[in-house]
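Working notes, structure below.
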Amino acid sequence: MGTDQLDNRHWHNIVVLTGAGISAESGLGTFRGAGGLWEQQRVEDVATPEAFARDPDLVYRFYNARREQLCGGDIQPNTAHYALAELETLFTGNFALVTQNVDDLHERAGSRHLFHMHGELMKMRCAASGNVFEAPVYFDGNDHCRCCRRAGQLRPHVVWFGEMPIYMDEIYALLADCDLFVAIGTSGNVYPAAGFVQIARQAGATTLEINPEMTDGSSLFGFQWRGPASEQVPRLRDLLAASG
Ligand code: OAD
């Protein structure tokens, strides 16, 4: 079987998984690889519950800086984000977008049926009640929570290492039912997202990886389109819009 020519059949249930690579062309750095975020900042210092307990100010500053960058005006959705939103509109079957990204570029581009499995940078959560609120660009331990009225309860609504991703029941149900699974711009290093391709395969789905590089999981995909998301996602939109 060739790994490039996806057959032109009628799909019913599509699940797309995105990772940091889809936002790379918007100017947001990826996590791994040369110059990646985790090369500049140790995961253990800013992205674990232990880090937040040990040094909350450092963790607040890290996420404040990321929010500042996201809202600064320079970062906008790119062709790939828009192509996925258009695909969702054009496709006549069921379409779901699962993202590991905490940025809001998919929703800014117009995606609707969207699951932020690793949380959202522009939201904050009360550690006591679990209530989720829209986040301002800057907040820290001095801010009072809207529900419990106490300072020091608000944390970024992002999933840290060692925590359970969000929406997993919904996502597993979608995967069990999908006939096409597409992973875009993710290195396949972090579970459970890295295991979605196997669940989709077990469901009998066709699987496609879009990434300029080979990844550790590439061999699990039936089809591989090598190239930047801005090139390959419009190609996917055109193919699926024609088929469905
Ligand atoms: P990574 O940084 O691990 O991988 C980014 C992927 O994007 C790589 O495979 C690149 O080859 C690819 N890539 C780069 N430029 C691209 C482009 N223009 N078009 C398409 N792909 C491109 O990021 P993720 O796989 O998203 O979790 O990382 C997964 C999780 O690890 C993140 O959600 C985050 C991180 O630690 C948490 O913080 C919980």
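First listed ligand is number 1; within each ligand, the first listed atom is number 1. When reading the values below, keep in mind they use all heavy atoms of this one structure, side chains included, and skip hydrogens, waters and symmetry mates.
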Handout entry: Side-chain donor or acceptor of Asn131 paired with backbone N/O of Arg125 under 3.5 Å
Key =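 No: the side chain of Asn131 does not pair with the backbone of Arg125.
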Handout entry: Listed partners of Ser230 passing side-chain hydrogen bond (donor to acceptor under 3.5 Å, both in side chains), at least two apart
Key =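 Checked Ser230 against side-chain hydrogen bond (donor to acceptor under 3.5 Å, both in side chains); matches are Glu25.
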Exercise for the section: Show which residues join Tyr138 in its hydrophobic cluster (side-chain heavy-atom contacts under 4.5 Å, direct or indirect), or state none. Expected result: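 Its cluster partners, ordered by chain and number, are Val137.
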Handout entry: salt bridge (Lys or Arg N to Asp or Glu O under 4.0 Å) partners for Glu44, two or more places apart
Key =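 Checked Glu44 against salt bridge (Lys or Arg N to Asp or Glu O under 4.0 Å); matches are Arg42.
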Exercise for the section: In plain terms, say whether Glu213 and Arg226 are close enough for a salt bridge, that is, a side-chain N and a carboxylate O under 4.0 Å apart. Expected result: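 No, no charged N to carboxylate O under 4.0 Å.
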Exercise for the section: Would you mind checking if Glu120 and Arg66 are paired as a salt bridge, meaning a charged N to carboxylate O distance below 4.0 Å? Expected result: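 No.
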Exercise for the section: For ligand 1, would you mind listing the residues that have at least one heavy atom less than 4.0 Å away, ordered by chain and number? Expected result: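 These residues qualify: Gly19, Ala20, Gly21, Ala24, Glu25, Thr30, Phe31, Arg32, Trp38, Gln100, His118, Val159, Phe161, Gly185, Thr186, Ser187, Val190, Asn211, Pro212, Glu213, Thr215, Pro228, Ala229.
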